[in-house]
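Notes follow once the structure below has been shown.
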There are 2 protein chains.
Amino acid sequence: MGEYIYSFNEGSGDMKALLGGKGANLSEMIQLGLPIPFGFVVTTAACRRFYRDDYQIDQEIREEILLKLSEVENVTGKLFGNPENPLLLSLRADGEKVMPGMLDCILNIGMNDEIAEGICKLTKNHRFAYDCYRRLIQAFGCVVYGISPSKFEDILEVQKEEAGCSEDSELPPDELKEVIDKFKKIIKKETGREFEQNPVEQLMMGISAAFRSWNGKKALYYRRLANIRGIDATAVCVQSMVFGNLGKHSGTGVVFTRNPMDGTKEIFGEFLINAQGDDLRLGKNAPKHFCKLENAFPDVHKSLPKICDILEKHYKDVQEIEFTIEKGRLYILNTANAMRTGIAAIRTAVEMENEELIDRNMAVARIDTTQFDQFRYPIFKKEDYAQAQLQTRGLVAGTPVSPGAAVGRIYFNTADALAAHDDGIRVILVRENLSVENLAGMAIADGMITSLGGKTSHGASVVRTMGKCCIACYNDVKINEERKTLEICGEIFKEGDAVSLDGNVGVVYRGKIGTTRPEYSDDFNKIMKWADEIRTLKVRANVDDTAQAREAIELGAEGIGLLRTESMFFSKEHLTAVRRMILADDAVERREALAMLLAAQKSDFFEIYDIMEDRPVTVRLLDPPLHALLPHSPEEIRTLSEQLGISYNKLTKKVTALQEFNPMMGHRGCRLSVTYPEIAEMQAEAATMAAIELKRKRGIDVVPEFIIPLVALEKEIEYVKKIVVSTIERCIAREKVQLKYLVGSMIEVPRAAIIADSLAKEADFFSFGSDDLTQMTFGLSRDDAGEIMKDYSDKQIFDDNPFKTIDQSGVGKLIKLAVRQGRAVKPNIKLGICGAHGGDPVTIGFCNELGFNYVSCIPRKLPVARLAAAQAAIAAAKE
Amino acid sequence: MGEYIYSFNEGSGDMKALLGGKGANLSEMIQLGLPIPFGFVVTTAACRRFYRDDYQIDQEIREEILLKLSEVENVTGKLFGNPENPLLLSLRADGEKVMPGMLDCILNIGMNDEIAEGICKLTKNHRFAYDCYRRLIQAFGCVVYGISPSKFEDILEVQKEEAGCSEDSELPPDELKEVIDKFKKIIKKETGREFEQNPVEQLMMGISAAFRSWNGKKALYYRRLANIRGIDATAVCVQSMVFGNLGKHSGTGVVFTRNPMDGTKEIFGEFLINAQGDDLRLGKNAPKHFCKLENAFPDVHKSLPKICDILEKHYKDVQEIEFTIEKGRLYILNTANAMRTGIAAIRTAVEMENEELIDRNMAVARIDTTQFDQFRYPIFKKEDYAQAQLQTRGLVAGTPVSPGAAVGRIYFNTADALAAHDDGIRVILVRENLSVENLAGMAIADGMITSLGGKTSHGASVVRTMGKCCIACYNDVKINEERKTLEICGEIFKEGDAVSLDGNVGVVYRGKIGTTRPEYSDDFNKIMKWADEIRTLKVRANVDDTAQAREAIELGAEGIGLLRTESMFFSKEHLTAVRRMILADDAVERREALAMLLAAQKSDFFEIYDIMEDRPVTVRLLDPPLHALLPHSPEEIRTLSEQLGISYNKLTKKVTALQEFNPMMGHRGCRLSVTYPEIAEMQAEAATMAAIELKRKRGIDVVPEFIIPLVALEKEIEYVKKIVVSTIERCIAREKVQLKYLVGSMIEVPRAAIIADSLAKEADFFSFGSDDLTQMTFGLSRDDAGEIMKDYSDKQIFDDNPFKTIDQSGVGKLIKLAVRQGRAVKPNIKLGICGAHGGDPVTIGFCNELGFNYVSCIPRKLPVARLAAAQAAIAAAKE
């Protein structure tokens with residue numbers, strides 16, 4: 001058994017990296033004894049070899065494919081390319097991770113003129129034979145030759161119109177034959193070549209195209225969106241066809257073992273009669289609800305729930321299962337862990353734990369942190385919603401595809417939607433099909449309306465995973481994408497018109513309905529409780545003011561990892577005093593201005609401590625360059641000049657003198673404390689006196705952790721620490737109290753990481769300012785990176801946005817170096833991170849691995865950080 | 001023998017680190033049998049202990065001092081503190097490196113009321129007794145109590161005026177007694193304490209003050225100026241006094257074994273009759289020329305040259321020797337390697353090699369690279385000088401103290417001189433005394449005029465080492481520092497008046513005389529030839545254009561380490577096309593504009609190659625952010641809008657859109673090549689075609705080394721290298737020639753150093769862009785660092801300017817990491833440096849140690865780089 005080709009009966013469920021998700025699951029299901037059409041997998045190893053061989057299938061692999069093909073012939077008793085007993089094949093690319101509809105798929109491979117006639121003879125079902133053939137030519141044209149799908153769709157539409165049919169399946173054989181001829185002409189016209197008649201060549205060309213589709217635009221975009229990384233190839237499943245399009249006793253469908261919208265424990269599914277699988281998955285048709293299966297296929301309706309049960313218990317997770325019914329006989333084409341909304345994910349995890357299907361660790365590990373924002377996605381405000389009802393603004397009861405509320409303006413294609421989004425408009429995307437072709441538009445839209453495409457299409461799965469509200473309205477709705485009109489119950493909406501969607505029931509409302517944020521659900525709180533019990537990493541918040549401190553406590557913060565003291569400086573009431581301080585001519589004047597700020601800053605600190613109670617608070621000394629605190633426009637300067645009694649010219653000169661070419665690398669951070677020790681003194685005094693006051697008033701011992709920003713040199717921290725410590729000690733002596741405190745160093749300049757051993761001599765703790773550290777390590781200013789990031793992302797130079805997830809091979813190496821060196825000097829040195837990365841799950845895993853004491857992030861990210869910390873602990877325990 | 005105190009007969013010449021230069025040399029000279037007043041050294045170890053003990057002399061050390069003191073009593077036969085046979089001591093602080101006059105010195109320790117009277121009785125020389133006593137009180141007041149010297153000087157001046165004396169030595173005993181009383185009153189008034197009468201306490205207080213003077217302002221400033229680092233303490237020599245002020249058969253003097261101005265092999269010296277050593281060294285008196293020694297002290301005149309010869313041969317270097325004559329008997333007080341001008345340094349090195357006193361390595365190793373700029377210090381233009389002679393603008397023939405020509409405006413104190421210098425004015429500092437008190441002023445002045453202070457004062461040594469022209473005019477010159485007037489031969493000059501100094505003959509000219517740069521001397525060329533033979537590190541130049549390329553060849557460049565291609569873009573003739581390229585709406589338009597630039601860029605490259613012949617040329621792809629190439633003022637934008645036919649508004653919008661917050665970390669370097677591959681293509685084509693043309697026209701094989709700037713990611717270099725290589729290969733194929741070329745990576749972003757192993761897979765060579773690497777590693781923008789650097793230097797946070805000398809403990813660690821990682825992948829990867837540090841001797845040593853292939857610097861720095869590379873090789877061979 002080489003590594004390139006595996007028959008389904010040779011593989012197993014844990015071989016996803018080699019066989020892809022689909023290949024592994026099919027192998028697994030064969031072992032479970034389920035009815036699977038036989039086939040084999042061309043592996044990811046073969047795909048990698050294909051890339052290395054300059055996009056050619058190696059002769060050896062080609063021969064192995066043919067060898068496996070004869071096995072399939074043996075199992076099925078059919079012969080590939082033989083018109084008298086033809087084997088047809090489906091071909092589906094699928095990688096290690098689920099990428100719904102992003103990779104290419106071709107059905108009915110092995111069809112040609114001769115075989116079509118053979119099938120006519122064999123089955124007497126001309127419609128079936130020609131339908132299969134036109135499907136192959138169409139898919140082949142799009143996938144292998146890259147011809148625009150609309151070229152084929154248009155012909156089909158015209159033909160249906162002329163024939164007076166509304167459904168594809170209604171087209172009579174003669175019309176289909178005409179369609180086939182027209183399709184062939186398109187291929188000839190677009191490629192200069194005849195449609196390939198040799199079945200083996202069809203197979204090889206199809207496999208090549210499937211391999212190539214791994215790096216198609218859609219796939220690349222989706223992987224970036226879904227944060228799928230470190231996978232570099234796809235496998236391809238080659239499977240004998242079973243036919244859902246053999247007449248009214250045949251069909252195709254998809255079931256979810258639980259409801260993927262809200263997680264309810266019920267079978268959730270759709271099907272189409274006389275159709276092939278893709279008809280449902282591509283979202284171009286209006287399918288039938290699962291409840292109607294009983295009438296159409298009573299046997300299947302009985303057996304399918306049993307299979308659902310087997311598969312869910314086997315995989316210990318919600319499954320989405322593709323099936324085809326060929327002349328009443330059920331075949332399972334695929335199963336996979338079901339894509340679902342965040343809410344459904346939480347509910348199913350909690351309930352499965354309750355059912356003892358999984359344990360708490362697995363329940364926690366299973367929650368996808370990227371879905372976390374969904375838990376606070378808007379719901380309608382009660383009163384506004386009631387009013388909309390009273391005004392009878394609700395228009396249509398469509399099928400809810402993805403739950404939630406969405407309010408926005410309608411746009412009819414991705415380009416328009418993106419442009420509107422860029423202008424800050426909330427977008428509702430309106431499309432006929434619920435297809436993943438509109439991925440970029442879906443990603444930025446708040447909601448979606450479609451007139452086709454069921455709840456089990458790939459598009460539906462994607463939109464649900466994103467947590468976007470979506471309604472499919474099959475009746476009373478006409479969408480004209482060309483003219484950009486949406487007609488609902490006779491009422492016309494145009495581009496830019498405002499609507500509100502209720503994705504829970506499927507109603508579209510005229511105009512906007514006010515929204516609010518929901519409370520976290522009980523299921524959510526249960527998961528968070530479990531997560532808190534599991535994790536060892538503490539989670540703190542980055543905070544500017546009391547409001548944020550309160551939010552932080554509410555969301556589970558165990559302390560403040562970064563209190564930005566300058567935010568207080570920016571407040572209107574203090575700004576003038578701050579500016580007086582900055583513009584002081586000498587240290588004496590500066591001290592006078594600072595004395596005015598002392599009381600205000602002290603009371604700011606007191607309020608924060610008061611909220612945080614005995615949780616640690618990390619106070620960062622003033623960090624931004626002083627010019628950031630000054631006005632810049634002539635009018636503002638004039639106003640300030642009057643306020644402070646400084647001449648306009650002098651003031652302008654001072655403001656100009658403080659300007660910098662590269663402010664990020666300018667006079668800021670601890671450099672300010674070196675130049676103006678008075679500022680650091682004032683802040684240290686304010687923070688200390690506030691702690692003493694809290695102790696006296698409430699008996700609470702707060703331990704302020706002073707952090708010195710932008711340290712690059714040992715002597716900097718020595719110098720500034722001396723100022724801070726002597727100020728604190730003076731306060732302690734004067735007030736005759738006891739007070740614990742720490743003094744730490746930010747590690748946010750590359751040099752700080754390099755000399756962390758020296759810094760550890762002075763610092764009680766390190767806090768990694770990963771934002772600046774990333775900027776300086778890359779030499780890339782985030783403020784200026786807009787266009788660069790876009791280019792780099794398009795050209796695949798960045799795997800990841802390094803400002804979101806820590807760049808482990810660069811910045812991460814520096815962090816590791818700092819940790820190693822810091823611990824060499826002070827084995828138990830306290831370690832935290834307070835950059836934007838502190839709320840990023842991958843980074844949290846990295847910090848957990850390095851044995852950090854805490855991560856600190858904006859309050860909003862606290863829940864995700866708590867969960868990610870728990871998941872990191874679970875992953876670490878596994879290793 | 002503890003480590004704290006050494007008698008002179010216990011030490012040796014190689015113990016400078018412990019005993020200081022003076023202590024070690026005195027020990028050495030005792031062994032040579034020279035007449036040295038006996039004494040002992042309180043070592044640098046004792047000094048360090050003193051600092052640790054909170055500036056107290058430990059009891060143990062105190063007792064050791066007293067023990068050694070009794071040895072001195074035994075040797076001299078005198079008793080410390082005994083009025084009947086009193087031992088007096090001198091006390092001189094001196095560290096491992098020579099710091100002329102920067103550390104404190106006190107003579108006549110052991111004097112008090114009682115002992116003064118005792119000496120009167122013993123010697124019958126009341127003047128001598130009181131002179132010694134007033135000197136002690138004066139020095140003690142300044143050094144121990146920190147009283148301003150002028151307080152004492154003023155009293156002395158008034159007393160002399162009242163007594164009608166012009167010299168200190170003329171003051172009669174009674175007047176001196178009055179001076180002593182007045183001095184004591186100053187001490188009482190300033191300190192509230194009586195002048196210390198206990199000799200032992202005097203000694204201990206003096207030693208403490210000497211230790212403290214190591215961190216005095218003057219010493220700190222000098223160490224920074226002279227780049228003396230890594231030394232943290234001083235030793236103190238305690239020596240029995242011999243007296244040059246015992247009457248007309250006594251005196252004091254300094255001789256250099258060769259002329260420190262130009263290196264001539266002749267004894268060069270001065271002396272004073274009836275004076276103590278400091279009278280000469282402090283530059284407050286007009287001394288007598290050495291040639292007059294024969295008349296005054298015929299025996300000494302005979303014996304001194306022999307001692308000079310012994311010492312020069314012993315130390316194998318020019319010596320400066322302090323001596324005192326007590327009643328006709330010669331004592332040597334000190335010897336040290338002589339401070340000298342750069343020109344003298346070169347000449348003496350070459351001549352000593354010729355005399356076989358030293359070998360070539362030593363001759364090369366001995367040249368101080370910090371003096372290198374002196375070899376191109378201005379000389380007068382012949383014609384201008386002749387005209388000044390014709391116009392008889394020459395005013396006075398003073399004593400030339402330091403040679404050369406200087407033209408500037410006169411200022412009378414350091415503060416004024418610094419202010420003028422800051423305004424861009426060339427300064428001639430005018431001071432009565434030639435004293436190191438004016439160090440900061442001397443450092444920025446182009447020349448100096450004094451009315452006192454000889455050629456052997458500390459001030460003279462310092463000014464010569466700096467290579468600054470200096471004239472001492474004892475006659476016909478009056479300097480009034482208060483009124484800021486300089487009177488020469490009756491003509492009055494005021495602050496800001498222009499003068500020109502001829503330091504070779506000592507003439508001051510009215511007005512400005514044009515200057516030019518001298519050719520390098522034969523001695524210089526000889527040293528450079530030796531250096532080139534010794535060094536292994538190649539030396540290349542950073543070059544913008546053909547003029548610089550020619551200069552580089554002239555100054556010994558072995559290639560171009562950095563050819564900045566953007567300089568060509570900035571030229572007037574190309575700028576419009578460049579701007580058209582930047583403002584192009586799409587790649588097509590951009591290619592059109594680039595096509596226009598191609599020919600020009602190719603011819604630029606051709607000219608450079610043509611000059612460099614077969615030397616390697618490193619071509620850097622376009623680096624600066626594009627906005628740097630655009631106009632910014634409304635007028636310029638309007639002009640350009642007319643030139644290019646783009647509307648003013650559109651152009652303004654484009655210019656604004658390209659602005660950046662932190663341009664240094666913005667859209668520049670290889671990021672430009674990623675966004676606009678067309679630019680890199682054009683540059684690669686131009687550089688390749690130029691090389692092909694040179695080969696065809698002149699048969700010269702140039703090997704262009706393409707370097708990709710600002711690389712931070714492996715995929716960046718992959719991407720850009722592919723563009724460059726495919727362009728080059730296309731040209732080679734089209735032109736059917738053979739051409740070698742390299743493609744390398746700049747390491748100038750911290751991340752590049754961190755992932756150097758990955759980069760080495762793609763790069764043929766690394767060039768360290770140490771300027772940006774330093775900025776980003778420190779997170780400090782050089783453009784904005786002005787005020788910060790000043791503060792950091794003042795507060796001793798920076799040991800060194802990291803933009804001048806590579807920061808070995810931070811940036812240097814990154815460089816080492818990159819080298820290690822690069823070599824792990826490609827053992828022979830070529831390594832160079834092309835930042836400003838490439839011309840810095842310390843950095844060159846660092847690069848040599850790491851086995852770099854070359855350093856690259858601005859052409860002007862090439863000679864110093866060649867020498868430094870040789871010195872590094874010599875140092876490495878020693879280890």
Side-chain angles (χ1 to χ4, degrees), chain A residues 625 657-669 671 674-677 710 712-716 718-719 748-755 758 772-788 790-792 795-799 802 807 809-814 817, chain B residues 625 657-669 671 674-677 710 712-716 718-719 748-755 758 772-788 790-792 795-799 802 807 809-814 817:
Chain A
L658 284 171
Q659 289 303 316
E660 295 182 309
F661 293 101
N662 296 289
M664 195 207 312
M665 305 169 81
H667 202 167
R668 49 170 288 232
R671 294 164 195 165
V674 172
T675 307
Y676 311 113
L710 215 74
L713 294 141
E714 188 185 349
K715 285 187 184 164
E716 278 177 330
E718 262 177 33
Y719 188 92
E748 56 184 335
V749 163
R751 197 177 190 279
I754 300 169
I755 60 150
S758 310
D772 276 0
L773 192 60
T774 300
Q775 295 190 83
M776 289 167 190
T777 303
F778 276 88
L780 179 59
S781 152
R782 200 171 24 167
D783 292 331
D784 301 309
E787 199 186 343
I788 303 165
K790 216 182 130 291
D791 282 345
Y792 272 44
K795 293 176 178 173
Q796 297 187 57
I797 292 175
F798 273 146
D799 286 331
D807 153 49
S809 49
V811 178
K813 270 202 196 172
L814 273 185
L817 176 71
Chain B
L658 284 171
Q659 290 302 317
E660 294 182 309
F661 293 101
N662 296 288
M664 195 207 310
M665 306 169 82
H667 203 168
R668 49 171 288 231
R671 294 164 196 165
V674 172
T675 307
Y676 311 111
L710 214 72
L713 294 141
E714 187 185 350
K715 285 186 182 165
E716 278 177 329
E718 261 177 33
Y719 187 93
E748 56 185 334
V749 163
R751 196 177 188 280
I754 299 169
I755 60 150
S758 309
D772 277 0
L773 192 59
T774 300
Q775 296 190 83
M776 290 167 189
T777 303
F778 276 88
L780 179 59
S781 153
R782 202 172 22 167
D783 292 330
D784 301 309
E787 200 186 342
I788 302 164
K790 216 182 129 290
D791 282 345
Y792 272 43
K795 294 178 176 170
Q796 296 186 60
I797 291 175
F798 273 146
D799 285 330
D807 153 49
S809 50
V811 179
K813 269 202 196 170
L814 273 185
L817 175 71

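Residue numbers start from 1 in every chain, and the chains themselves are labelled A, B, ... in the order their sequence lines are given, proteins ahead of strands.
Heavy atoms closer than 4.5 Å to chain A are found in the side chain of B/Tyr719, but not in its backbone. The parts of B/Gln775 that come within reach of chain A are both its backbone and its side chain, each placing non-hydrogen atoms under 4.5 angstrom from that chain. In this structure, the portion of B/Asp807 lying under 4.5 Å from any heavy atom of chain A is its side chain and not its backbone. The part of B/Pro677 that comes within reach of chain A is its side chain, from C-beta onward, which places non-hydrogen atoms under 4.5 angstrom from that chain. Contact annotation for B/Leu780: both backbone and side-chain heavy atoms come within less than 4.5 Å of a heavy atom of chain A.
Per-residue heavy-atom pair counts under 4.5 Å with chain B were compared for A/Met776, A/Gln796, A/Lys715, A/Arg751, and the maximum is reached by A/Arg751. Among A/Asp772, A/Asp783, A/Leu710, A/Ile755, the residue with the largest count of heavy-atom pairs under 4.5 Å with chain B is A/Asp783. Most heavy-atom pairs under 4.5 Å with chain A: of the set B/Met664, B/Lys813, B/Glu660, B/Arg671, this distinction falls to B/Arg671.
In this structure, A/Asn662 contributes its side chain and B/Ser781 its backbone to no donor-acceptor pair below 3.5 Å. Put simply, the side chain of B/Asp784 gets close to the backbone of A/Phe661: a donor and an acceptor are under 3.5 Å apart.
With values rounded to the nearest 0.5 angstrom, B/Arg782 atom CZ is found 11.0 Å from A/Met665 atom CE.
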Begin with the C-alpha distance, continue with both residues' side-chain angles, and end with the deciding distance and a verdict on side-chain contact (heavy atoms from CB on, under 4.5 Å) for B/Glu716 and A/Tyr792. CA-CA 9 Å; B/Glu716 278 177 329; A/Tyr792 272 44; 2.4 Å; yes
